[in-house]
Structure formats: C-alpha cells, structure tokens
Amino acid sequence: MSAYTYQFVAPVLKRMMRQKTSEGKKLIVPMKRWNIIKGDMVEVNTGKEKGKRGIVKDVHRSRNAVIVEGLNLAKKHVKSTPDQKGGIFTKEMPIHYSNLQLIDPSTDKLCKVRRVFTENAENPAKPNKIRISRSTGTPIPKPEWKQTIRPKDGPLDTPSSVVLLRTYFPSFYPSSPVSAQ
C-alpha cells in the first residue's frame, strides 16, 4: 500500500478498531511485518512484567500477541475429568506485540530492527531477508527451535498403503468392483 493510499485508509482502520463487532469484541487488524519470531529473546516494555526477559514460546499473528516463557502468568481453574485431575493451574497468557522489544544478542541490550535483502545462492530471483540491529548493525540470526518429532505408526494406526483405497461402495452401483475381483 502506497503512502498516498494509506493516508485515506488509516483513519478508516482506526475507526474500525474502535468499533465493536456484533459479538461485542473489538476488531483486531493483524500487523503486516513481524520482527519477533518463535525462539527470540525479548524484554517486556510495559505492564506488570516490565523489565523482565524471556524466550518467545509461541506467536499468534492473527491476534498480534506473543506468548513468552515464564511471563504474564495467570491461574486457571480446570474441572476434573475422567482423563485428568482438576485443580488450579498456572498458564502463560499472551502479551501484545507492541509491549515487547527484541534483544540484540551481541550487546545484550534492547534494539530496533531493520530488514536487509541479501543474495540467495539457491534461487537468485528470491533474495533472503535478514534482520539487522539498528543500533549496532549486526545481523540477528533466526533462532534454532526444536521441532516436535512425529511418533512412528503404532499397531492401531492405518497403514499408508490402505488409506487411499476405496472401501465403501453404495448399493446403487450395479456391481461393486470388490465382488468382481
């Protein structure tokens, strides 16, 4: 969106954000560019957790919210079920994106981020985006996070060779392929 178009659209978006939807909830306009990703070290700028640091556990881009490990804890009352015992559990609640700031790994201080495009050796038509600290100019690497490993198929799982086979033939077919074999 160009700056010219944005000057007309921005007031409308602000008005929409102030209005409530039919369910009584405020309309959330997702942010376009995110500099904080899963696994980053961040510090809270405002609120009861101000000044505390933590690692980003999860990112909810549609709600402009981030869950940080060990911060913004709340007590949740859970009713007991046959499967699990109930009680009062502590849960990490989301923090708005604007209340967090990224930490520069080289200086261990708060930083603002800019993006720079670099050449991609594999695909020259699509360059890589790198996050760079505005204060020091050092690149901020994407964090390594552990991907959950899918468990192997168990004895009760359907084998992949059988999944795509057609097993049901309605009665309105004159003769089913299963009986013909």
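When a residue number appears, it is its place in the shown sequence, counting from 1. Computed from a predicted structure; not experimentally measured.
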Measure the [atom1]-[atom2] distance between [X] and [Y] for me, rounded to the nearest 0.5 Å.
X      : Y      : atom1 : atom2 : value
Ile37  : Arg61  : CD1   : CZ    : 8.0 Å
Thr118 : Asn128 : OG1   : CG    : 4.5 Å
Ile36  : Ile103 : CD1   : CD1   : 10.0 Å
Leu100 : Met41  : CG    : CE    : 12.0 Å
Asn99  : Glu49  : CG    : CD    : 11.5 Å

**Backbone of Ser62 reached by a side-chain donor or acceptor of His60 within 3.5 Å** =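 Not a single qualifying donor-acceptor pair exists.
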
Should [X] and [Y] count as side-chain neighbours, where that means a heavy-atom distance under 4.5 Å?
X      : Y      : value
Lys57  : Glu92  : yes
Ile132 : Ile140 : no
Leu110 : Leu102 : no

**Item:** From CA spacing to verdict: salt bridge (charged side-chain N to carboxylate O under 4.0 Å, His left out), Glu43, Lys52
**Value:** CA-CA 6 Å; Glu43 185 172 315; Lys52 294 184 182 177; over 6 Å; no

**Message:** Is there a continuous path of hydrophobic side-chain contacts, each under 4.5 Å between heavy atoms, that joins Val42 to Leu73?
**Reply:** no

**Message:** According to a hydrophobic-cluster definition based on side-chain heavy atoms being under 4.5 Å apart (Ile, Leu, Val, Met, Phe, Trp, Tyr only), do Val113 and Trp34 belong together?
**Reply:**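 Yes, same cluster.
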
N/O donor to acceptor pairs below 3.5 angstrom from side-chain atoms of residues 63-72, sequence neighbours left out:
| unit_1 | atom_1 | unit_2 | atom_2 | d |
| --- | --- | --- | --- | --- |
| Asn64 | OD1 | Met31 | N | 3.0 |
| Asn64 | ND2 | Val29 | O | 3.0 |
| Asn72 | ND2 | Met93 | O | 3.3 |
| Asn72 | ND2 | Pro94 | O | 3.0 |

**Partners passing side-chain contact (heavy atoms from CB on, under 4.5 Å) against Ile88 (at least two apart in sequence or in another chain)** =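 Testing Ile88 for side-chain contact (heavy atoms from CB on, under 4.5 Å), a comparison that skips the adjacent residues, returns Lys75, His77.
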
In chain order, what residues pass the salt bridge (Lys or Arg N to Asp or Glu O under 4.0 Å) check against [X], with sequence neighbours excluded?
X      : result
Asp40  : Arg131
Asp108 : Arg53
Lys109 : none

**Item:** Heavy-atom neighbours of Phe89 CZ exceed 12 at 6.0 Å
**Value:** yes

**Request:** Using a cut-off of 6.0 Å, state whether more than 12 heavy atoms not belonging to Leu164 lie near its atom CG.
**Result:** no

**Message:** Looking only at the side chains, is there a donor atom on one of Asn35 and Arg115 sitting less than 3.5 Å from an acceptor on the other?
**Reply:** yes

**Message:** Run the side chain to side chain donor-acceptor pair (under 3.5 Å) test against Thr136 and tell me which residues pass, sequence neighbours left out.
**Reply:**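 So Thr136 forms a side chain to side chain donor-acceptor pair (under 3.5 Å) with Asp104, Ser133, Thr138.
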
**Asked** What's the shortest heavy-atom distance between Gly86 and Ser80, and which atoms?
**Response**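 Of all heavy-atom pairs spanning Gly86 and Ser80, the closest is N-CB, 3.2 Å.
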
